[in-house]
Amino acid sequence: MPSYDRLHERIERLAGAGAGEALRAGLRGVEKESLRASPAGRLAQTPHPAALGSALTHPLLTTDYSEALLEFVTPPFHHRSEVLDTLGNLHRFVARNIGDELLWAASMPCAIESDESIPIARYGASNSGRLRHVYRVGLGHRYGRMMQVIAGVHFNYSLAPGFWPILSETGAAHGEHRTWHGTGRALADSHYFGLIRNLFRHGWLLLYLFGASPALSRSFLPDGAPELEPFDEETWFAPFGTSLRMSDIGYTNRIPGGIGIRYDDLYSYAASLYRAISTAHPPWEALGVRRGGEYRQLNSNLLQMENEYYSSVRPKQPTRRGERPTEALQRRGVRYVELRSIDLDPAAPLGLTEDRMAFLEVFMLFCLLVDSPPLGAQERRAIDVNQKRVAVRGRDPSATLMRDGIEVPLRSWANEILEELTAVAELVRTADDDPAAVIRAAGASIGQPDATPSARVLEEMGASGGSYFEYVLELSRRHSDTLRREPLPTAERARLEEEAARSVVRQTALEAGDTVSFEEYLTDYFA
């Protein structure tokens, strides 16, 4: 486990070098998932609405696993307000174009009849569209469809190019280890992977502070699980749970022994992912790739493709046509880091607030600036243990975590991190923006577990006298009404309508431009 000892020295040096402006110039963006539900709270069986354009080629509105699982994608912006303005306009546009359907307000799903009732997303007849669809068919055969319709928020963050020379100069001037100074892409890639390793180490804190999925409908998990108790006849819950979405009930690859992805540097990461998408896995071989002429999965390897690896953090570089994620990273380096462990905030119509984004920015900077040695096998096991403990029992006053091979109280470690976060927040503070205040407000729940979002969900469920399903349904109706009432500027509505129309034209062009069979396309793609 890295020490925080040198963090304050680095903060002082960066502040002295005027790094605040360069840090504030970084980019942030959001990818937010939401299930479409019927007015009665059932999973929508309708196709992706035509008014939203092509899910394959629209840059802002697409689908994730299911036709019913919308994904809102903001471009990267310099300011949080720009992200939320864009996200808000996208939500208002969608709310006006899905008829009487609702956007489900929570991460854990609405009422679902069965695994087979979940419609897998379709992307048209082009080879790239078929690739996306068959990949999702494979996910359903491998892990079941139910797991795939859990929704979350992905927070994307990158440092401004002007920050890296400042980091290098201040590091070199004070005798820092060679990885703290250098030039260009190598320096950025090295520090992005250090940031990622520290997000794994400390990410449990985000589950405690922002987890909002302590309960779920029995339609999602009819037989329950050892960590769950009955809340009522329709609801399972974890009494001290924070984020069941991030527990074994939620996103996991469920492969004995794991996938073996490494985060020492970009090369080790890409090489280990390549091994996983190139190594046959007997259980997946037993499924078969094709049956009766229909594809059941893209291949029978550990991972069909890179995106199948359900990590809470990913290094990202936008791909170009026909390019795989690992190829993009190796060719152009890390563009940004995607943090994927954030639950939807059921109380917020957009599922996210500006204060939460402000906290995440400071948290990412903290993880960047703290020492980040390689992750050994023992520490990786501790990271897994800590995530599961916090997800299922994080609000237990006696909760402990594994740190350097020993058990430590969750509260004491959390308070230690929050103290460091407050110091980091001073680097980016301005007269109009004081993220340290956000850190202090969030940190108050360390000593008051009942003030966490997960505790409030359970309290409000109990006060409403209803089940998890009824509680979230009421929130979803309320938020949908709010989004439909809020004004959508005429120019913004016209812009989104034009973008939807252009996306359909782009999909049509893709379908007309294919010159090889799907089989040949797959061979070329994985070559």
Validation row, ring centre Phe210 to ring centre Phe359 under 6.0 Å: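 For Phe210 and Phe359, the ring centres are under 6.0 Å apart.
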Q.
Centre-to-centre under 6.0 Å for Tyr208 and Trp413, is that the case here?
A. no
Start with the C-alpha gap between Lys32 and Asp345, add the side-chain angles, then the distance that decides, and say whether salt bridge (Lys or Arg N to Asp or Glu O under 4.0 Å) holds.
CA-CA 11 Å; Lys32 186 257 188 177; Asp345 181 353; over 6 Å; no
How many angstroms lie between atom [atom1] of [X] and atom [atom2] of [Y], to the nearest 0.5 angstrom?
{"X": "Leu27", "Y": "His78", "atom1": "CG", "atom2": "NE2", "result": "5.0 Å"}
{"X": "Leu90", "Y": "Glu71", "atom1": "CG", "atom2": "CD", "result": "11.5 Å"}
{"X": "Asn299", "Y": "Ile277", "atom1": "CG", "atom2": "CD1", "result": "8.5 Å"}
{"X": "Asn198", "Y": "Phe193", "atom1": "CG", "atom2": "CZ", "result": "13.5 Å"}
{"X": "Phe366", "Y": "Leu205", "atom1": "CZ", "atom2": "CG", "result": "9.0 Å"}
{"X": "Leu421", "Y": "Ile439", "atom1": "CG", "atom2": "CD1", "result": "5.0 Å"}

Is any side-chain N of the basic residue among [X] and [Y] closer than 4.0 Å to the acidic one's carboxylate O?
{"X": "Arg331", "Y": "Glu323", "answer": "yes"}
{"X": "Arg429", "Y": "Glu426", "answer": "yes"}
{"X": "Glu308", "Y": "Arg142", "answer": "yes"}
{"X": "Arg136", "Y": "Asp64", "answer": "no"}
{"X": "Glu9", "Y": "Arg6", "answer": "no"}
{"X": "Glu407", "Y": "Arg389", "answer": "yes"}

Is the closest side-chain donor-acceptor distance between [X] and [Y] under 3.5 Å?
{"X": "Asn89", "Y": "Thr86", "result": "no"}
{"X": "Ser398", "Y": "Asp396", "result": "yes"}
{"X": "Glu486", "Y": "His91", "result": "no"}
{"X": "Arg201", "Y": "Ser372", "result": "yes"}
{"X": "Ser213", "Y": "Asp343", "result": "yes"}
{"X": "Tyr157", "Y": "Glu361", "result": "no"}
{"X": "Ser454", "Y": "Arg395", "result": "yes"}

Check step by step if ring-ring contact (aromatic ring centres under 6.0 Å, His included) holds for Tyr4 and His202.
CA-CA 12 Å; Tyr4 306 146; His202 302 101; 5.7 Å; yes
*asked:* Working note: Asn307 + Tyr135, criterion side-chain contact (heavy atoms from CB on, under 4.5 Å); need CA distance, chi angles, decisive distance, verdict.
replied: CA-CA 10 Å; Asn307 290 349; Tyr135 163 63; 3.6 Å; yes
[X] side chain to [Y] main-chain N or O, any donor-acceptor pair under 3.5 Å?
{"X": "Arg403", "Y": "Leu401", "value": "no"}
{"X": "Ser168", "Y": "Pro165", "value": "no"}
{"X": "Asn301", "Y": "Gln304", "value": "no"}
{"X": "Glu82", "Y": "His79", "value": "yes"}
{"X": "Trp236", "Y": "Leu221", "value": "yes"}

Of Thr74, Thr62, Asn156, the one forming a side chain to side chain donor-acceptor pair (under 3.5 Å) with Glu31 is Asn156
With heavy-atom distances below 4.5 Å as the criterion, would you say the side chains of [X] and [Y] are in contact?
{"X": "Leu56", "Y": "Ser128", "result": "yes"}
{"X": "Leu228", "Y": "Phe237", "result": "no"}
{"X": "Pro318", "Y": "Arg335", "result": "yes"}
{"X": "Ile342", "Y": "Arg356", "result": "yes"}
{"X": "Leu159", "Y": "Trp164", "result": "yes"}
{"X": "Leu427", "Y": "Val362", "result": "no"}
{"X": "Leu339", "Y": "Val153", "result": "no"}
{"X": "Pro397", "Y": "Arg411", "result": "yes"}

If every non-hydrogen atom of [X] is compared with every non-hydrogen atom of [Y], which pair is closest and at what distance?
{"X": "Glu306", "Y": "Leu273", "result": "CG-CD1, 4.0 Å"}
{"X": "Val390", "Y": "Leu410", "result": "CG2-CD1, 3.8 Å"}
{"X": "Leu207", "Y": "Ser341", "result": "CD2-O, 3.7 Å"}
{"X": "Val337", "Y": "Met364", "result": "O-CE, 3.9 Å"}
{"X": "Leu69", "Y": "Ala151", "result": "CD1-CB, 4.3 Å"}
{"X": "Ser445", "Y": "Leu209", "result": "OG-CD2, 3.4 Å"}

Could you tell me how the ring of Tyr143 sits relative to the ring of Trp284: parallel (under 30°), tilted (30 to 60°) or perpendicular (over 60°)?
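If you compare the ring of Tyr143 with that of Trp284, the planes turn out perpendicular.
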Item to check | Ring geometry between Tyr263 and Tyr269 (parallel below 30°, tilted from 30 to 60°, perpendicular above 60°) | outcome: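 Judged by the thresholds at 30° and 60°, the geometry between Tyr269 and Tyr263 is tilted.
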Step-by-step salt bridge (Lys or Arg N to Asp or Glu O under 4.0 Å) determination, Glu379 to Arg197 | CA-CA 11 Å; Glu379 189 176 13; Arg197 292 191 296 273; over 6 Å; no
Tell me whether [X] at atom [atom1] has more than 12 heavy atoms from other residues, nucleotides or ligands lying less than 6.0 Å away.
{"X": "Tyr525", "atom1": "OH", "answer": "yes"}
{"X": "Tyr267", "atom1": "OH", "answer": "no"}
{"X": "Arg24", "atom1": "CZ", "answer": "yes"}
{"X": "Glu21", "atom1": "CD", "answer": "no"}

*Run the numbers on Ser412 and Asn415 for side chain to side chain donor-acceptor pair (under 3.5 Å), then give the verdict.*
CA-CA 5 Å; Ser412 64; Asn415 283 323; over 6 Å; no
Report task. Report the C-alpha distance between Ile150 and Gln148 in whole Å, list the side-chain angles of each, state the deciding distance to 0.1 Å, and finish with yes or no for side-chain contact (heavy atoms from CB on, under 4.5 Å). Result -> CA-CA 6 Å; Ile150 300 172; Gln148 314 296 328; over 6 Å; no
request  = Take Asp85 and Phe77 through the side-chain contact (heavy atoms from CB on, under 4.5 Å) test and state the conclusion after the steps.
outcome  = CA-CA 11 Å; Asp85 286 348; Phe77 290 107; over 6 Å; no
query = Stepwise, does the side-chain contact (heavy atoms from CB on, under 4.5 Å) test hold for Glu354 with Val438?
reply = CA-CA 10 Å; Glu354 185 164 356; Val438 174; over 6 Å; no
